[in-house]
**Q** 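Just dropping this structure here.
Both counts, for ligands and for their atoms, begin at 1 and track the order of listing.
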Amino acid sequence: MSLVLDPAAQDLLFREARTANTFTDEPVTDEQMQAIYDLVKYGPTAFNQSPLRITLVRSPEARERLVQHMAEGNRPKTAAAPLVAILSADNEFHDELPQLFPHFPQAKDAFFSERPAREGAALLNSALQAAYFIVGVRAAGLAAGPMTGLDFEGVRKEFLDDDHTPLMVVNIGRPGPDAWFPRSPRLTYEQVVTTV
Ligand SMILES: Cc1cc2nc3c(=O)[nH]c(=O)nc-3n(C[C@H](O)[C@H](O)[C@H](O)COP(=O)(O)O)c2cc1C
């Protein structure tokens with residue numbers, strides 16, 4: 001009663017959405033990825049800094065290069081998923097700030113002239129955007145399998161550069177047979193929320 005979002009959408013995004021470990025062969029199209037991005041780009045970030053970058057790993061050759069940097073247990077699903085995305089933080093996001101936050105263009109120099117400040121902000125805000133991305137994948141009727149079991153430096157060198165910090169790899173597709181483990185419990189409201 002307290003939620004205004006349609007109950008079917010609540011189930012699609014959260015209650016019935018699961019982290020998939022296997023996938024069907026059904027392709028994930030560029031049109032679907034474009035639609036997902038065009039939805040989740042509206043998720044908020046500090047100063048609208050939008051530091052998330054997404055590398056879609058489509059070619060079999062690139063997939064092979066990625067799989068070798070995944071932890072052993074993650075390799076089969078990364079090899080089999082119809083599409084895999086490397087999510088990273090752009091530590092030079094401030095170059096776009098005058099465009100992204102036009103009513104306060106001074107923010108670029110006032111807050112983000114030093115690389116450590118940028119790295120901290122990029123990590124927090126790209127992690128937020130990664131969460132929006134996962135929910136966006138679900139909004140497209142697809143399942144996401146986010147993973148941090150990987151060699152981050154290996155992935156950075158193989159696919160990115162010094163200005164980008166890999167956050168996670170996300171397998172994307174329709175869930176296949178035996179796609180998930182039993183649902184793990186969640187913390188209750190009382191365990192998580194304090195009111196002062
Ligand atoms: C940031 C992140 C990293 C994860 N890393 C891995 C991983 O390396 N390997 C794996 O099998 N699952 C990984 N998972 C999957 C989680 O274990 C899973 O999302 C969680 O248990 C909830 O499962 P559910 O969505 O099916 O309820 C990761 C999930 C997230 C969000």
Side-chain angles (χ1 to χ4, degrees), residues 3 5 7-24 26 28 32-33 36-37 39-41 43-45 50-57 62-91 119-160 164-189 191-192:
L3 302 176
L5 188 67
Q10 295 174 29
D11 289 343
L12 181 75
L13 300 181
F14 292 102
R15 273 188 221 97
E16 289 176 9
R18 299 295 314 278
T19 298
N21 293 300
T22 70
F23 297 90
T24 70
E26 186 178 324
V28 176
Q32 285 171 301
M33 296 313 298
I36 291 166
Y37 179 71
L39 179 65
V40 304
K41 69 185 179 187
T45 55
S50 310
L52 180 72
R53 300 295 178 265
I54 302 168
T55 307
L56 297 179
V57 182
R63 185 74 65 96
E64 192 122 313
R65 286 195 287 128
L66 176 60
V67 166
Q68 61 169 340
H69 295 292
M70 301 305 295
E72 194 83 29
N74 287 336
R75 286 181 187 172
K77 44 193 166 195
T78 302
L83 183 62
V84 180
I86 301 168
L87 305 189
S88 64
D90 182 0
N91 296 305
E119 285 180 354
L123 191 60
L124 172 62
N125 289 284
S126 63
L128 283 171
Q129 289 188 284
Y132 308 145
F133 178 79
I134 291 167
V135 175
V137 167
R138 293 170 169 187
L142 299 168
M147 294 170 300
T148 48
L150 55 100
D151 169 8
F152 282 89
E153 191 52 20
V155 167
R156 195 188 60 73
K157 284 198 178 121
E158 192 82 44
F159 293 96
L160 306 169
H164 293 79
T165 304
L167 296 172
M168 68 186 75
V169 166
V170 185
N171 299 324
I172 302 168
R174 295 214 185 268
D178 282 329
W180 22 75
F181 308 121
R183 183 71 123 172
S184 298
R186 299 306 204 252
L187 299 177
T188 63
Y189 183 85
Q191 285 175 294
V192 171

**Q** What is the minimum heavy-atom distance between M147 and N171, and which atoms define it?
**A**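 Nearest pair, atom of M147 first, then N171: CE-ND2, 3.3 Å.
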**Q** Give the minimum heavy-atom separation between I172 and A85, together with the two atoms involved.
**A** CD1-CB, 4.1 Å
**Q** Under 3.5 Å, side chain of R174 to main-chain N/O of G141, donor-acceptor pair present?
**A**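 Answer holds: yes.
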**Q** Go through ligand 1 atom by atom and flag the ones less than 4.0 Å from a non-hydrogen atom of N74.
**A**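 Within the 4.0 Å cut-off of N74, ligand 1 contributes 7 (C), 8 (O), 9 (N), 10 (C), 11 (O).
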**Q** Check the pair L5, L13 against side-chain contact (heavy atoms from CB on, under 4.5 Å), reporting the backbone distance first and the verdict last.
**A** CA-CA 10 Å; L5 188 67; L13 300 181; 4.1 Å; yes
**Q** Using heavy-atom distances, let me know which of G145, A127, P146 sits nearest atom 28 (C) of ligand 1.
**A** P146
**Q** For atom 3 (C) of ligand 1, what's the nearest protein heavy atom and its distance?
**A**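 Answer for atom 3 (C) of ligand 1: T148 OG1, 3.3 Å.
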**Q** Please determine if S184 has a nitrogen or oxygen closer than 3.5 Å to a nitrogen or oxygen of ligand 1.
**A**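 Looking only at distances, the answer is no, because the N/O contact criterion of under 3.5 Å is not met.
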**Q** Please report the closest heavy-atom contact between R183 and E16, naming both atoms and the distance.
**A**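 Result for this residue pair: NH2-N, 4.4 Å.
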**Q** Which is it for I134 and ligand 1 at heavy atoms under 4.0 Å: side chain, backbone, both or neither?
**A**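 It is neither part, as no heavy atom is under 4.0 Å.
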**Q** In sequence, state the C-alpha distance, the side-chain angles, and the governing distance for T165 and N91, and then conclude on side chain to side chain donor-acceptor pair (under 3.5 Å).
**A** CA-CA 7 Å; T165 304; N91 296 305; 2.9 Å; yes
**Q** Under a heavy-atom criterion of less than 4.0 Å, does R186 contact ligand 1?
**A**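 It does; at least one heavy atom falls under 4.0 Å.
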**Q** Nearest protein heavy-atom contact for atom 15 (C) of ligand 1: which residue, which atom, what distance?
**A**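 Minimum-distance protein heavy atom for atom 15 (C) of ligand 1 reads T19 CG2, 3.7 Å.
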**Q** Run the numbers for me: atoms of ligand 1, each under 4.0 Å from some heavy atom of G149, listed by number.
**A**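 Here the atoms of ligand 1 in question are 8 (O).
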**Q** Mind checking whether W180 has an N or O less than 3.5 Å away from an N or O of ligand 1?
**A**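 The answer is no, given that W180 and ligand 1 share no N or O pair closer than 3.5 Å.
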**Q** Counting N and O atoms only, with roles assigned by atom type, does the side chain of T78 sit under 3.5 Å from a partner on the main chain of V67, one being a donor and the other an acceptor?
**A** no
**Q** Quick check on contacts: which atoms of ligand 1 are under 4.0 angstrom from a heavy atom of K77?
**A** 10 (C), 11 (O)
**Q** Considering non-hydrogen atoms of the protein only, which is the closest contact for atom 27 (O) of ligand 1, and what is the distance?
**A** R183 NH1, 2.6 Å
**Q** Any idea which heavy atoms bring G145 and T19 closest together, and the distance?
**A**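 Nearest heavy atoms, G145 then T19: CA-CG2, 4.0 Å.
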**Q** Tell me which protein heavy atom sits closest to atom 26 (O) of ligand 1, plus the residue, atom name and distance to 0.1 Å.
**A**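 Checking every protein heavy atom, the shortest distance to atom 26 (O) of ligand 1 gives R18 NE, 2.8 Å.
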**Q** Heavy-atom distance under 4.5 Å between the side chains of L150 and N74, does that happen here?
**A**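 No, every pair of side-chain atoms sits at 4.5 Å or beyond.
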**Q** Measure from atom 21 (O) of ligand 1 to the protein's non-hydrogen atoms and state whether any distance is below 4.0 Å.
**A** no
